[in-house]
There are 2 protein chains.
Amino acid sequence: MTPKAHFAEKLRLAGLRPTRQRVAIAALLLDGRHRHVTADSLTEEITTAGLHVSGGTVYNTLNQFTEAGLLRRVMVHNDYSLFDTNTDHHHHFYEAENDQLVDIPHDGVILAQLPAAPDGHEIKAVDVVIHIQSKNP
Amino acid sequence: MTPKAHFAEKLRLAGLRPTRQRVAIAALLLDGRHRHVTADSLTEEITTAGLHVSGGTVYNTLNQFTEAGLLRRVMVHNDYSLFDTNTDHHHHFYEAENDQLVDIPHDGVILAQLPAAPDGHEIKAVDVVIHIQSKNP
DNA sequence: AAGGCTCTTTAGAATGATTTTAAACTAGAT
DNA sequence: ATCTAGTTTAAAATCATTCTAAAGAGCCTT
């Protein structure tokens, strides 16, 4: 199976029509490497790859991939959106000084006790962000 | 001590010059009630109180109060900033459907094990957000 | 392989929260 | 009362993201 066909199939399974743009972005983001991207950094990657995708489509695609569970949105500040290509259950260190996000392995944080969700609700996800700063002395 | 003097003192202790606007906002936000506000909802409160503070100052003040530790910024989405008047260590339920944020009592979530911070770094804060959704059946 | 229907992409305009600006103002020290 | 640095103001600017209307492309049916 060609790589292109592989990603097209992946998109179909996710309920997304495999357009040229979505396949190209999937090839960049869904190749198994674990990293964090922004609309901006992704656009750079696309350009570097000698391709062009309009800004609106980059945003749409990131949102659609996230909704489809192919990406995960990480909340650390309100400046712009961050997406994690690792959708496995894991948490993050965040260093505000350098706007640096680092994955914490799955077993690095253990939640011994979760509160019950409010009546009529269920837990969808648990996000843990550990804010860190460089030590002074 | 008049209420005004009380809040002025509180601001001085936090390293902020107690201006008319900051004292007014402190009186609204730092009275001990635990709640979540946005720049917008705060502006409404100010108006309801028969006062006026310019938009820029509302934003500046929220940022300054946060930096001074009088408020806490809560990260749940990238649409606008949320501030918590409760600065004690606690976590949140977040229901995206209604953009509803609910405090979890301090002992509701227990982190049994924290990972060590990366070399040369120390942990500044641990934020836990439990995303919830209403149950279908 | 052509037609058609719907979904998608595009460039550019629009939106909206937040920040910046430059001038007017004020808290607090002298 | 006076001075100065910090603050407030209204308005403009910024910037990530979304929206728009028209052009394009999957893909199903002939």
Side-chain angles (χ1 to χ4, degrees), chain A residues 2 4-5 7-28 36-44 46-47 51-68 70-71 73-83 96 99, chain B residues 2 4-28 36-44 46-47 49 51-68 70-71 73-83 96 99:
Chain A
T2 75
K4 220 170 76 171
F7 290 113
E9 186 54 25
K10 203 165 193 168
L11 290 174
R12 261 192 216 92
L13 284 173
L16 294 170
R17 182 187 290 188
T19 63
R20 185 159 29 78
Q21 294 82 340
R22 296 209 269 233
V23 171
I25 292 178
L28 290 171
H36 306 114
V37 302
T38 63
D40 220 48
S41 78
L42 174 55
T43 300
E44 258 186 51
I46 292 169
T47 303
L51 306 171
H52 175 78
V53 174
S54 79
T57 297
V58 170
Y59 280 103
N60 285 340
T61 305
L62 286 171
N63 288 334
Q64 293 153 354
F65 280 21
T66 300
E67 203 161 344
L70 301 173
L71 291 177
R73 192 188 294 268
V74 185
M75 258 35 220
V76 286
H77 56 51
N78 285 331
D79 298 336
Y80 46 82
S81 291
L82 277 169
F83 299 87
D99 189 26
Chain B
T2 74
K4 218 169 77 170
H6 168 72
F7 290 113
E9 186 53 23
K10 203 164 193 168
L11 291 174
R12 259 191 217 93
L13 285 173
L16 294 171
R17 182 189 289 187
T19 63
R20 184 159 29 76
Q21 293 82 340
R22 295 210 268 234
V23 170
I25 293 177
L28 289 171
H36 307 115
V37 301
T38 64
D40 220 49
S41 77
L42 174 55
T43 300
E44 259 186 50
I46 292 169
T47 303
L51 305 171
H52 176 78
V53 174
S54 80
T57 297
V58 169
Y59 280 103
N60 284 338
T61 304
L62 285 170
N63 288 334
Q64 292 152 356
F65 280 21
T66 300
E67 202 160 346
L70 301 173
L71 291 177
R73 193 187 296 265
V74 185
M75 259 38 221
V76 286
H77 57 52
N78 285 333
D79 298 336
Y80 46 82
S81 291
L82 277 170
F83 298 88
D99 190 25

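Chain letters run A, B, ... following the sequence lines, proteins first and then strands; every chain starts at 1. Fair warning: this is a prediction, and the values are worked out from it, not measured in the lab.
Put simply, A:Thr19 has a side-chain N or O that comes within less than 4.0 Å of OP1 or OP2 on C:dT9. Applying the 4.0 Å criterion to OP1 and OP2 of D:dT8, one finds that B:His52 has every side-chain N and O outside that range. Using a 4.0 Å cut-off, no side-chain N or O of A:Tyr59 falls inside it from OP1 or OP2 of D:dT18. Neither OP1 nor OP2 of D:dA16 sits under 4.0 Å from any side-chain N or O of B:His77. Close to C:dT9, at under 4.0 Å from its OP1 or OP2, lies no side-chain N or O of A:Ser54. Contact annotation: A:Arg12 reaches the phosphate of D:dC27 (side-chain N/O to OP1 or OP2, under 4.0 Å). For the OP1/OP2 pair of D:dA25 and a distance below 4.0 Å, the side-chain nitrogens and oxygens of A:Arg17 include no atom meeting the criterion. Using a 4.0 Å cut-off, some side-chain N or O of B:Arg22 falls inside it from OP1 or OP2 of D:dT7. Considering only side-chain N and O atoms, B:Ser81 lies under 4.0 angstrom from the phosphate OP1 or OP2 of C:dT18.
In this structure, the nucleotide among D:dA16, C:dT18, D:dT9 sitting nearest to the side chain of B:Thr57 is D:dT9. Taking only side-chain atoms of A:Gln21, from C-beta outward, the nucleotide of C:dT18, C:dT10, D:dA5 with the closest atom is C:dT10. The side chain of B:Pro18 sits closest to C:dA27 out of D:dT17, C:dA27, D:dC27.
Atom CG of A:Asn63 is separated from atom P of C:dC7 by 19 Å (rounded to the nearest Å). Between B:Leu62 atom CG and D:dT8 atom P there is a gap of 12 Å when expressed in whole angstrom units. Atom C1' of nucleotide D:dC27 and atom CG of A:Leu11 are separated by 16 Å, given to the nearest angstrom. Spacing between atom CZ of A:Arg20 and atom C1' of C:dC7 amounts to 15 Å, rounded to whole angstrom units. Taking atom CG of A:Leu82 as the reference point, atom P of D:dT17 lies 9 Å away to the nearest angstrom. C:dC7 atom C1' lies 10 Å from atom CD of A:Gln64, rounded to whole Å. The distance from atom CG of A:Leu16 to atom C1' of C:dT8 is 11 Å, rounded to the nearest whole Å. Rounding to whole angstrom units, CG of residue B:Asn78 and P of C:dG16 are separated by 17 Å.
Side-chain contact check for B:Asn78 and A:Arg73: no donor-acceptor pair (N or O, by modelled atom type) lies under 3.5 Å. Side-chain contact check for B:Asp99 and B:His77: at least one donor-acceptor pair (N or O, by modelled atom type) lies under 3.5 Å.
Using five terminal pairs a side, the axes of the helix from C:dA1-D:dT30 to C:dT30-D:dA1 at its two ends make an angle of 30°, given in steps of 10 degrees.
Counting any heavy atom pair closer than 4.0 Å across all strands shown, A:Asp79 reaches sugar-phosphate atoms only and no base atom.
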